[in-house]
Amino acid sequence: MTPSTTRPVAIITGAARGIGLASTHWFLARDHDVVLIDNDEATLTATAQELSASPHALPILCDVSDPDQVQAAFAQIDARFGRADALVNNAGVAVFKTIGDTSFQEWRHVLATNLDGAFLCSQACVPLMLKSGSGGSIVNIASISGLRASTLRVAYGTSKAALIHLTRQQAAELGTRGIRANAIAPGPVETEMAKRVHTPAIRADYHDAIPLGRYGTLDEIADAIGFLCSKAAGYVNGQVLAVDGGFDAVGVGLPTLRRDAAEKGG
Ligand SMILES: NC(=O)c1ccc[n+]([C@@H]2O[C@H](COP(=O)([O-])OP(=O)(O)OC[C@H]3O[C@@H](n4cnc5c(N)ncnc54)[C@H](O)[C@@H]3O)[C@@H](O)[C@H]2O)c1
């Protein structure tokens with residue numbers, strides 16, 4: 001990469017694949033330098049090779065739940081760019097088990113990644129955002145599981161609900177310094193994470209409970225993240241945007257009534 005301080009810099013955690021990688025492409029297509037943070041060395045290396053044609057993508061191997069690694073990563077970003085304009089706290093893990101079956105180790109792993117990671121990266125990133133003098137945007141990737149409780153989501157749902165509150169704390173405190181903080185709550189999206197945990201029966205249930213009747217695409221989530229980081233969202237702060245096909249809006253679903261209405265049309 002050639003040194004660059006004039007282009008805006010977007011830092012994306014969990015960027016080696018899935019939603020984070022789709023966001024990377026969104027920012028690269030809009031003239032940003034992009035830092036891809038991930039702790040999966042093999043996938044990050046493969047992704048970096050795919051992006052090697054771009055001089056504007058910088059991969060950094062880092063576990064967002066480890067304070068020392070986060071400090072080292074942001075020191076590297078500071079030395080390289082001296083600024084940060086957007087931070088997407090996207091790195092996340094899911095353990096879907098009952099309260100009784102969730103070990104303390106699993107609970108800590110989910111909370112450490114999904115919540116501590118966003119706290120640590122944001123804390124390290126704010127001084128870089130303040131350096132450029134033009135504010136900045138933090139987007140935390142929560143989930144519909146953080147808006148509504150559901151079966152087997154004790155660790156995951158709790159981590160995402162806490163991440164939504166962290167977003168509001170950040171909006172309250174950092175807004176006074178020109179940094180906006182918002183959250184996205186995606187519904188089900190076709191990624192490796194979803195492939196691992198969504199059985200055919202779960203997929204059918206989701207299709208039934210979502211007014212749009214389908215999973216979201218990676219580009220649809222990346223577009224929403226990009227919007228929140230853009231000037232178009234310049235007065236949006238402390239909000240949670242559900243990008244979920246209408247799942248959160250509808251409450252209890254009555255499949256029979258929906259089917260009847262669809263058959264009648266109109
Ligand atoms: N896929 C969905 O249906 C869905 C729905 C709602 C919310 N989300 C959220 O969106 C985010 C991205 O999900 P995805 O589906 O793209 O997942 P994914 O598993 O495909 O990608 C997550 C990435 O995060 C990285 N990662 C995990 N732990 C990390 C750590 N400690 N440090 C650095 N990187 C780490 C992984 O290596 C991976 O590359 C997650 O926060 C997830 O909870 C996903």
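Quick note: numbers below take in every heavy atom, side chains included, and nothing from hydrogens, waters or symmetry partners. When a ligand or atom number is given, it counts from 1 through the structure's own listing order.
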field: Donor-acceptor pair between R7 and H56 side chains, under 3.5 angstrom
entry: yes
Salt bridge present between R214 and E220 (N-O < 4.0 angstrom): yes
field: Ionic contact status for D205 with R203, cut-off 4.0 Å
entry: no
- prompt: Taking the six-membered ring of F247 as reference, does the NZ or CZ atom of R148 fall below 6.0 Å from its centre and within a 45° cone about the axis?
  reply: yes
message: What does the 4.0 Å heavy-atom contact list look like for ligand 1?
response: G14, A16, R17, G18, I19, D38, N39, D40, C62, D63, V64, N90, A91, G92, V93, T113, I141, A142, S143, Y156, K160, P186, G187, P188, V189, T191, E192, M193
message: If only side-chain N and O atoms count, and only distance matters, is there a donor-acceptor pair under 3.5 Å linking N140 with Q170?
response: yes
- prompt: Mind checking whether F96 and H198 have parallel, tilted or perpendicular rings, split at 30° and 60°?
  reply: parallel
